[in-house]
Every structure is written in C-alpha cells, then in structure tokens.
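Naming: A, B, ... by sequence-line order, numbering from 1 per chain. The structure displayed is predicted, hence computed values, not measured ones.
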Amino acid sequence: MQVCLSTSMNSFPKHAHSLLSNFNSPLELKQAHALLIKTNSPLSLLPAYRVASVCALSPDFSYAHKLLTQFPEPQIDVWNSCLKAFAESDSPSDAILLFSRLREFDLLPNGFTCAFVLKACTALLDDKSGRIIHGFIEKLGFKWNLVLQNMILNFYGLCGEMGTAWLVFDSMPERDVVSWNVMITHLIKSGDFEGAYGLFSRMPERNVRSWTMMISGCVHCGKPKKGVELFMEMEKMGVKANEVTVVAVLAACADLGALDLGRRVHEYSKRCGFGRNVRVSNTLIDMYVKCGCLEEARKVFDEMEERTVVSWSAMIQGLAMHGQAPDALRVFSMMIEMGVEPNGVTFIGLLHACSHMGLIDEGRRFFSGMTRDYGIIPEIEHYGCMVDLLSRAGLLQEAHEFIMNMPIRPNGVVWGALLGGCKVHKHVELAEEATRHLAQLDPLNDGYYVVLSNIYAEAERWEDVARVRKLMKNRGVKKTPGYSSIMVDGVIHEFVAGDDAHSQANEIFGMWDQLLAHMKLRGYVPNTSVVLLDMDEKEKEKFLYRHSEKLALCFGLISTQPGVVIRIMKNLRVCEDCHAAFKLISTIVNREIVVRDRNRFHCFKDGACSCQDYW
DNA sequence: TTAGGGTTAG
C-alpha cells in the first residue's frame, strides 16, 4: 500500500497528497478516486468522513452511493455522516434510499442513524418512512434517548398527526423543555390555541423559546393583547428577550396599535444591538406603519444596512396604507434600480397603493407587468386588488367582467370588493349579484349583509332592508359592533356608539358640544344619510353625534396636552360624517388626528385627510 | 441529532 502511494506521489507529487486528503468538492473527490484506481491503491486511503460529507454534496447520488457501498470495512459512523449530509441536502429522499441498503452491509443502525433518517423523513413529511423509523427506535430500545423522542414528536406534529404526537408525548418516561415546546408549537400551528396555552401554563420550566413561541402563537391566533400580557409577565420573571421575542412582541404591538410598548421594545432592541437584524427591522417598519407613524417607519427603513424584498414590500405596503401612492411607486422604482427582485407580496402592496388613490392605469400596468416582466403568476389576492381598484373607481361593469374572466375561482373577498364599489357608486343590481355569490361563499360574514342593507337604505328601499335583516337573523349572523379605542397614559379606553359608560362621559359630551358650535360656524352640516335607520332627522343627528370615533376623539382632546398627536383605532371603517367632522376639528384644535380603521389610515391635518377623501 | 421570527387584497 505504501509503495503504491509513493508511486502515485512520485507521478503526481504536487496534487496527490492534497487530492487524497483535502478534497472539498465532488469533482476533487472524483479526481482522488480516479487517482487511486490509476495507481491501483485501496479505497481506504481516502478519509472516510470526508468521503461521506463530500459524497452528499454531489448531485450525483449514484456515484456517492457506489463509493460508499464499495468502501472497505463498512462503518456505521461513515454511513451516518453520509445520511446526515443527505438528510440536510436538497434531496433528503436519498438518505432514506441509503438507509434501506444498510442491512445488505450487516450494519446495525444506532441512535444517530435513526436521528438522521428521521430528519430526512421530517424534511419530506414522509409519514410512512417516519413510522418505520419510529418502530425501529422502539425496537432497538433507543426510547431512553430524549432527543430522538423529541424528534419523533416534531415529526408527527409536522405531518399534522397531533393524535399520534399526543400518544408519544403522554408515553414519554421523561420530558424536557424541548418536548413541551415542540408540542406547543404544533398545537398552535394546528389552530388549537387553548390546548397550547393549557400546556404552556402547566410547563414545569420555561425557557425564552417557550415564551417567544407562546407570544408569537398569540399573534398568529388573533390574540395580540394576550401576547403583550405574556411579554410583560416574561419580563417580570426576569427572562431576557432575544431577537425572536422582539419580533413576536412587535408583531403584537402592530396588531394592537400599541405604539408606547412598540417604542419601548424598539429602544430595548437598540440597547441589545438587535438593530442590524433584518427581521427585527422589518417588523419595526410594520409596527410603526400600523401604529400610524409613517415617518418613523421610513427612518427605520432608511437606516437599514441590508434590506430584503420583505423590507421593501413592507415599506411599499406601509405607504399604500397611508395613502402615499406616489411614494410607494417611487420606492418600488428604487428597489428595482438596486437589483432587488420583487415577489407577489410586493405587487399586492403596489396594487393596494394604486387602488387607494384611484391610479387605474398604473394598477393595470403593474398587474400585466408582474407576469410579463417578473414571471410572477397573479394569485387570488392580486385579483382581489384589481377588482377593488376597478370598483372603487366606478368601473363596476369592467370589474364584473374581470371577475367572470378570472382563471381562478373568485372567493368572498373578490365579490366583497365589487360589493364595496357598488356601495360607493350606488349600484343596486350588481350589489345583489355580488351578494348572491357571497351567500354561497361566505354566508356567515356579517359585513356583506350590512353593506347590502346600507345600499338598500340609501335607496330608501326599507322593505329590502328589513328583508336582509330577517335573512341575517334566520342565518344566525350578528352585526359586529363598531368600537373605537384610544390609549392615554398607557391605558386603552374603548368606546361604542352612544357610550355613556365612561367615567368622564359628561366632559366628553361637553367637549363635543363645544366642537359642534365651532364646526357649525365653519359650515358643518351633519350628514345624516350615513344613519341607515328609518328614523326622523333629529334622532339621526343625535345618533350621529355619539359615534364611537367621535367619543374617542373628544376623550383624547380632554385628556392630552395641546399639540400632541391623537391616535384612534377603529375596528370597522370610518363613517363619512366622522371623516368630514375630523377634517374640520383638526383645524379647530390645531392637532394632527390619526385614525386607523379596518384597513387603512386617515391622517387628519390642517383640514385635510391623507386619504384625499378616496377610500 | 430536537423546539421559536418579518411584508399579503376587503
């Protein structure tokens, strides 16, 4: 053997040594292999671990496989290295293929073997092979291995087999924090929030991951308030938040519009040096956007050293939500100039921007350009944006034709967008058609019945209004009550229409009376047409003056210092009368009023709104 | 060898 090697060293003095021990690529390995064959040297001259790992880098599985099966004195460790590499490669199924040949070589799998094959099964979501490995692990007595058990739990969770995951979890002789965390994460993903929270409450010990998972789980399950509460509890217990925790709690702040906490977390994040983390910055952009602070979002965006397509898309979407379509389009141009490839979400933001500002031609161009120039196939969301764009602009027939010609089946949102346009442009027939589809697609969504009933009310078709109400009652659909909230000194105050339950109700009503007097001097006429109830004018006015957003605004005015920006959140859309009133009030009190409604922002300043009355 | 994170139409 030594002779052969020295012969080869003499023939290829410079490359031989390096080739035989330092190969790092499949090509170099093939050259080294060829050298051994040429010099009649044994394969064992190649270091086994290196063979295994480089084999797995090769797209040529059969070559790797051949080399491994020819290897003298097969060792399970060498196979394991190869299995690991294949499990982590682009074709994890090769790991399973390799595993199936172990028996031919009289090799007994050990715990690592199972771990790597299980990893491959997990990557492939191959529950058949996974079950075989699970059986294997039990048969071979690796049950004591907690890591393997946790991997099995994770595997069943990923395959969506929570029943089996519970069986494994319940039968585990001991569990560590990972076992609990794995169960919680999959319960959240399967939509069982209560189950996940139940486990979280019962955990014997929690680490920062447990807290983070639960906070982000709250956000994903639509419980951002609970997420914020958990974050506070976590802080109280002295658990230090990391980048991932910061992302989770910022997402909760974004959903809640909790600017104070969002700012505090931003400061904390800077102190901890998380500022360079792209995901943290992306979430900060979104948080500031959704808390109505476009300038601060822009500042975070501008200061980023590295931006991904998500950063650009979040900024475009933010500008769209704030009615800054020209800026959104400029940011898109910058993105393209910098060579960042847009994705489907980028175009949702762009179409959203166009739709909210009535930029019909630009919207049409983006819609056709996304496939032509960037190869992105429009999805249902893009069609939804287009229907919204056309319907808002009053092109209702075109929107209808667009829906009829869609290559994918329109969903409730698409017909809902047409219905919204019918409300603005008072088109009863098309509204009825849209509602017929919506009754099939989304029969329990109260919003659509309410819009149709409002369309009839505006046309003074009270019998039809009554008919829709009856339909809602028969189907058990209830109207979501509208409410507005405002945060003062860290406390959220919520108001519903006609609310007199607030401890300062009298001062709130007094403030409204003062404002009303000023507004009337400036030509305000209450727009009672938005009160869609069959009652007399005076009653309607009284009703109008107690809208939840007006109450929240008056409370904001009596409880904050002059000049401070007032931020209000509303769960539904702002009504037309409140919109007109807020424009006037912004001049009377010389304040900026930011209202976040169901799907966009209205920034009232000096008698105008950032939406330019197009919403 | 095991668990957590960002933008998404009305």
Side-chain angles (χ1 to χ4, degrees), chain A residues 80 83-84 87-88 110-119 122 142 145-155 157-158 176-186 188-189 207-217 219-220 242-251 254 274 277-287 289-290 308-318 320 342-349 351-352 355-356 378-389 391-392 411-421 438 442 445 447-448 451 573 598-600:
Chain A
N80 283 349
L83 284 171
K84 176 177 189 282
E88 291 168 356
N110 61 20
F112 285 100
T113 321
C114 295
F116 300 139
V117 183
L118 199 52
K119 196 167 192 173
T122 307
F142 294 135
N145 188 330
L146 200 46
V147 172
L148 274 179
Q149 290 286 298
N150 289 341
M151 285 180 82
I152 287 172
L153 272 186
N154 188 39
F155 167 75
L158 279 170
D176 63 3
V177 67
V178 179
S179 327
W180 290 83
N181 285 354
V182 169
M183 282 306 281
I184 290 171
T185 186
H186 290 299
I188 290 169
K189 279 183 194 151
N207 61 13
V208 65
R209 277 198 187 208
S210 324
W211 287 97
T212 306
M213 266 178 350
M214 207 57 234
I215 294 168
S216 99
V219 180
H220 288 130
N242 62 23
E243 278 122 313
V244 188
T245 325
V246 162
V247 166
V249 73
L250 284 174
F274 300 162
N277 182 313
V278 184
R279 290 185 187 210
V280 169
S281 300
N282 291 345
T283 320
L284 275 169
I285 294 173
D286 189 51
M287 184 275 291
V289 161
K290 292 192 178 141
T308 63
V309 62
V310 177
S311 329
W312 291 93
S313 304
M315 198 63 241
I316 290 171
Q317 171 66 17
N343 64 15
V345 183
T346 320
F347 281 94
I348 292 174
L351 294 173
H352 193 187
S355 159
H356 282 294
E379 292 180 57
I380 194 80
E381 290 87 350
H382 301 98
Y383 287 98
C385 287
M386 280 308 285
V387 173
D388 184 50
L389 173 83
S391 330
R392 271 178 207 273
N411 63 8
V413 180
V414 171
W415 285 108
L418 179 68
L419 181 66
L438 288 164
D442 200 358
N445 190 323
Y448 302 136
V451 174
R573 310 216 50 186
R598 201 188 154 90
N599 49 19
R600 62 160 302 145

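Closest to the side chain of Ser216(A), from the set dT7(B), dG5(B), dT1(B), is dG5(B). Distances from the side chain of Val345(A) to the nucleotides dG4(B), dT7(B), dT2(B) place dT7(B) closest. Listed nucleotides dT1(B), dA9(B), dT8(B) differ in distance to Asn145(A); the shortest reach to its side chain belongs to dT1(B). The listed nucleotides are dA9(B), dG10(B), dT2(B); the one nearest the side chain of Ala417(A) is dG10(B). Among the nucleotides dA3(B), dA9(B), dG4(B), the one closest to any side-chain atom of Thr212(A) is dG4(B). Nearest to the side-chain atoms of Asn242(A) among the listed nucleotides dA9(B), dG4(B), dG10(B) stands dG4(B). Closest to the Tyr448(A) side chain, of the nucleotides dG10(B), dG5(B), dT7(B), is dG10(B). When distances are taken from the side chain of His352(A) to each of dT1(B), dG4(B), dA9(B), the shortest belongs to dA9(B). Across dA3(B), dT8(B), dT1(B), the shortest atom-to-atom separation from the side chain of Gln317(A) is found for dT8(B). When distances are taken from the side chain of Val244(A) to each of dA9(B), dT2(B), dG5(B), the shortest belongs to dG5(B).
Nucleic acid contact class of Thr308(A) (heavy atoms, under 4.0 Å, all strands): base. Within 4.0 Å of Val280(A), counting heavy atoms only, lies at least one base atom of the nucleic acid. Within the 4.0 angstrom heavy-atom criterion, no nucleotide atom of any strand lies near Ile285(A). Using a 4.0 Å heavy-atom cutoff across all strands shown, Asp442(A) reaches no nucleic acid atom at all. Using a 4.0 Å heavy-atom criterion, one finds that Val278(A) contacts the bases of the nucleic acid, with or without backbone contacts as well.
Asn110(A) and Asn80(A) share a donor-acceptor pair across their side chains, judged by distance under 3.5 Å alone. Residues Asp286(A) and Thr283(A) bring no donor and acceptor atom of their side chains to less than 3.5 Å of each other. No hydrogens or angles considered: nothing links the side chains of His352(A) and Asp388(A) as a donor-acceptor pair under 3.5 Å.
With rounding to the nearest 0.5 Å, the separation of OG1 in Thr185(A) from CE in Met183(A) is 11.0 Å.
Taking side-chain N and O atoms only, Asn154(A) has a distance below 4.0 Å to OP1 or OP2 of dA3(B). The phosphate of dT8(B) has OP1 or OP2 within less than 4.0 Å of a side-chain N or O from Lys290(A). Dashed line: the shortest gap from a side-chain N or O of Gln149(A) to OP1 or OP2 of dT1(B) is not under 4.0 Å. Taking only side-chain nitrogens and oxygens, His220(A) never comes nearer than 4.0 Å to OP1 or OP2 of dG5(B). Here Arg392(A) reaches the OP1 or OP2 of dG10(B): one of its side-chain N or O atoms lies under 4.0 Å away. Contact between the side-chain N/O atoms of Lys84(A) and the OP1/OP2 oxygens of dT1(B) is not found at any separation under 4.0 Å.
Rounding to whole angstrom units, CZ of residue Phe112(A) and P of dT1(B) are separated by 7 Å. For the pair Ile152(A) CD1 and dT1(B) P, the computed distance is 17 Å after rounding to whole Å. As rounded to whole Å, 15 Å separates atom C1' of dT7(B) from atom CG of Asn277(A). Rounded to an integer number of Å, the gap from Asn445(A) CG to dG10(B) P is 14 Å. Taking atom CG on Leu351(A) and atom C1' on dA9(B), their separation rounds to 9 Å, with Å as the unit. When rounded to the nearest whole Å, the span between CD of Glu243(A) and P of dG4(B) equals 16 Å. Rounded to a whole Å, the CG atom of Leu153(A) is 19 Å from the P atom of dT1(B). Atom-to-atom, CD1 of Ile188(A) to C1' of dG5(B) comes out at 13 Å; the value is rounded to the nearest Å.
No N or O donor and acceptor, one from the side chain of Asn599(A) and one from the base of dA9(B), sit under 3.5 Å apart. On a pure distance criterion of 3.5 Å, no polar donor-acceptor pair joins the side chain of Asp176(A) and the base of dA3(B).
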- request: For side chain to side chain contact (heavy atoms under 4.5 Å, CB included), just list the numbers for Val178(A) and Leu146(A), CA-CA rounded to whole Å, side-chain angles, deciding distance to a tenth of an Å, and then say yes or no.
  value: CA-CA 9 Å; Val178(A) 179; Leu146(A) 200 46; over 6 Å; no

- prompt: Where do Val289(A) and Gln317(A) land on the side chain to side chain contact (heavy atoms under 4.5 Å, CB included) test, with the steps shown first?
  reply: CA-CA 9 Å; Val289(A) 161; Gln317(A) 171 66 17; over 6 Å; no

- request: Kindly determine whether Met151(A) and Thr122(A) satisfy side chain to side chain contact (heavy atoms under 4.5 Å, CB included), including the steps that lead there.
  value: CA-CA 9 Å; Met151(A) 285 180 82; Thr122(A) 307; 5.8 Å; no

